[in-house]
2 protein chains.
Amino acid sequence: MNGAQFHKVAKALADPRRFEIFETIAASDEMCCGSISDCFPVSQATVSHHLKELADAELIEARCEGQFKYFSVRREVLTAYVEELVQRINAKPRAGVKPRRGSKAGVRTTTHSRR
Amino acid sequence: MNGAQFHKVAKALADPRRFEIFETIAASDEMCCGSISDCFPVSQATVSHHLKELADAELIEARCEGQFKYFSVRREVLTAYVEELVQRINAKPRAGVKPRRGSKAGVRTTTHSRR
DNA sequence: CAAACAATTCTACAATCATCTAAATAAAGC
DNA sequence: GCTTTATTTAGATGATTGTAGAATTGTTTG
């Protein structure tokens with residue numbers, strides 16, 4: 001999983017409503033936009049927007065069947081995200097870095113400015 | 001891990017810069033605010049803000065030593081988050097729900113309004 | 001074809017948030 | 001006590017984003 005996808009997933013999981021939607025799809029086999037929006041006090045347009053974000057992060061995929069679009073969870077993508085997350089953080093630290101014990105570390109009289 | 005904490009963690013991990021900061025702390029044993037802000041083109045105040053978010057999510061903790069504050073990763077919290085995430089999503093679905101095959105599912109002539 | 005239904009796109013708005021500068025708080029050393 | 005350094009807080013701003021309503025596209029079925 002590349003860095004861009006990694007951040008898309010993190011972002012997609014960050015909004016409470018969107019995560020609820022994600023959970024709801026996961027609890028069922030597959031669901032269409034309308035039945036999802038029945039579960040929440042938000043408009044169908046909002047649900048559609050969240051579904052797009054989730055699909056963009058590849059956390060869900062869609063199967064078209066006539067006028068319906070059935071969404072389902074891509075569990076392997078969530079698993080890949082989780083594995084990368086744990087690997088990036090829980091990997092053994094190169095211990096003993098603990099800096100700033102006499103290092104002037106640059107003058108920095110004024111604070112930064114770039115964005 | 002309760003729901004509020006769960007969402008705080010998800011949110012804390014969602015911002016790219018904040019995640020980089022988190023990764024940087026994880027790569028070292030512990031780091032103080034100043035040496036972290038040396039690694040990124042943002043002001044120390046911004047770093048302090050991100051550290052507060054991470055600490056609020058309990059993803060990091062601080063150890064005070066004189067005028068310095070050393071931050072370190074709470075790996076067990078990240079692990080708890082990951083486990084809950086996987087459990088909430090990857091738990092076996094109660095298969096066969098697939099609704100909307102003739103259900104009128106409420107009239108909903110107008111779209112929703114509550115937030 | 002026309003009407004009804006499903007989903008998305010467009011546009012707009014309010015809220016959130018990442019970021020900055022400046023000021024305040026706190027500790028160390030002279 | 002004063003100065004220097006480390007960090008946090010306060011206030012402001014620009015960007016992002018969650019949301020709704022309207023318009024649009026696409027599909028099914030009288």
Side-chain angles (χ1 to χ4, degrees), chain A residues 7-8 10-22 30-38 40-57 60 62-71 99-115, chain B residues 7-8 10-22 30-38 40-57 60 62-71 99-115:
Chain A
H7 285 305
K8 276 187 189 174
K11 210 126 177 224
L13 297 174
D15 181 68
R17 180 85 67 205
R18 190 160 48 225
F19 185 78
E20 278 187 311
I21 291 172
F22 187 45
E30 37 178 33
M31 285 182 90
C32 59
C33 183
S35 47
I36 295 168
S37 77
D38 287 340
F40 302 101
V42 293
S43 74
Q44 199 159 352
T46 299
V47 171
S48 183
H49 163 72
H50 285 317
L51 290 174
K52 189 178 172 187
E53 296 279 311
L54 288 167
D56 204 48
I60 61 174
R63 177 179 67 85
C64 294
E65 184 177 318
Q67 55 189 337
F68 295 90
K69 232 170 156 179
Y70 287 101
F71 294 91
R100 273 301 169 82
R101 202 74 286 225
S103 70
K104 268 207 340 194
V107 182
R108 199 176 62 252
T109 38
T110 54
T111 42
H112 289 277
S113 51
R114 280 153 287 168
R115 194 192 255 251
Chain B
H7 285 306
K8 275 187 190 173
K11 210 130 178 221
L13 296 174
D15 181 68
R17 178 87 66 204
R18 190 159 48 225
F19 185 78
E20 278 187 311
I21 290 172
F22 187 45
E30 37 178 34
M31 284 181 92
C32 59
C33 182
S35 47
I36 295 168
S37 77
D38 287 341
F40 302 99
V42 293
S43 74
Q44 201 159 352
T46 300
V47 170
S48 182
H49 162 72
H50 286 316
L51 290 175
K52 188 179 172 186
E53 296 279 309
L54 289 167
D56 204 48
I60 61 174
R63 176 180 68 85
C64 295
E65 183 178 317
Q67 54 188 339
F68 295 91
K69 233 170 155 180
Y70 287 100
F71 293 92
R100 272 298 170 81
R101 204 74 285 224
S103 71
K104 266 208 340 195
V107 182
R108 198 177 65 252
T109 38
T110 53
T111 43
H112 289 278
S113 52
R114 281 154 286 165
R115 192 193 256 252

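Just so it is clear: chains get the letters A, B, ... in the order the sequence lines come, proteins before strands, and each one is counted from 1. Reckoned from all heavy atoms, side chains included, excluding hydrogens, waters and symmetry mates.
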Without decimals, in angstroms, what is the distance between [X] [atom1] and [N] [atom2]?
X        : N       : atom1 : atom2 : value
Glu53(A) : dT19(D) : CD    : P     : 11 Å
Asp56(A) : dT17(D) : CG    : P     : 12 Å
Met31(A) : dA6(C)  : CE    : C1'   : 15 Å
Ile36(B) : dT19(C) : CD1   : C1'   : 17 Å
Glu30(B) : dT7(D)  : CD    : P     : 12 Å
Ile60(B) : dT7(D)  : CD1   : C1'   : 13 Å
Phe19(A) : dT17(D) : CZ    : P     : 19 Å
His50(A) : dT8(C)  : NE2   : C1'   : 15 Å

- Item | Partners passing salt bridge (Lys or Arg N to Asp or Glu O under 4.0 Å) against Lys8(B) (at least two apart in sequence or in another chain) | Asp56(B)

Taking all heavy atoms of [X] and all of [Y], pick out the closest pair and write down the distance.
X        : Y        : value
Phe71(A) : Ala62(A) : CE2-CB, 3.6 Å
His7(A)  : Pro16(B) : CE1-CA, 3.7 Å
Cys32(B) : Phe68(B) : SG-CD2, 3.9 Å
Ala10(B) : Ala14(A) : O-CB, 3.8 Å

- Item | Polar side-chain atom of Arg63(A) near backbone of Tyr70(A) as donor-acceptor pair, under 3.5 Å | no

- Test item: Arg18(B) side-chain N/O and His50(B) main-chain N/O as donor-acceptor pair under 3.5 Å: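 No; judged by distance alone, with no hydrogens or angles, the pair does not exist.
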
- Task: Sort out for me which residue in Leu51(B), Ile21(B), Ile36(B) forms a side chain to side chain contact (heavy atoms under 4.5 Å, CB included) with Met31(B).
- Result: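 Of the listed residues Leu51(B), Ile21(B), Ile36(B), the side chain to side chain contact (heavy atoms under 4.5 Å, CB included) partner of Met31(B) is Ile36(B).
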
- Item | Residue list, side chain to side chain contact (heavy atoms under 4.5 Å, CB included) with Lys11(B), at least two apart or on another chain |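 Applying side chain to side chain contact (heavy atoms under 4.5 Å, CB included) to Lys11(B) gives none.
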
- Any residue meeting side chain to side chain contact (heavy atoms under 4.5 Å, CB included) with Ala55(B), in chain and number order, not counting sequence neighbours: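 Ile60(B).
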
Report yes if a side-chain nitrogen or oxygen of [X] is closer than 4.0 Å to either non-bridging phosphate oxygen (OP1 or OP2) of [N]; otherwise report no.
X        : N       : value
Lys11(B) : dC17(C) : yes
Arg17(A) : dT19(D) : yes
Thr46(B) : dT19(C) : no

- Report the residues that fulfil side chain to side chain donor-acceptor pair (under 3.5 Å) with Thr46(B), sequence neighbours left out, ordered by chain and then residue number.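 Once residues adjacent in sequence are excluded, the partners of Thr46(B) under the side chain to side chain donor-acceptor pair (under 3.5 Å) criterion are Ser43(B).
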
- Item | Annotated protein contacts, base or backbone, on nucleotides 23-30 of chain D with a non-hydrogen cut-off under 4.0 Å, one of B, S, - each | ---BBS--

Could you list the protein-to-nucleotides 8-12 of chain D atom pairs, N/O on both sides, closer than 3.5 Å?
| unit_1 | atom_1 | unit_2 | atom_2 | d |
| --- | --- | --- | --- | --- |
| dT8(D) | OP1 | Lys69(B) | NZ | 3.4 |
| dT8(D) | OP2 | Ser48(B) | OG | 2.7 |
| dT8(D) | O5' | Ser48(B) | OG | 3.4 |

- Message: Let me test you: for the helix from dC1(C)-dG30(D) to dC30(C)-dG1(D), what is the angle between the axes at its two ends (five pairs each), rounded to 10 degrees?
- Response: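 Rounded to the nearest 10 degrees, the bend comes out at 20°.
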
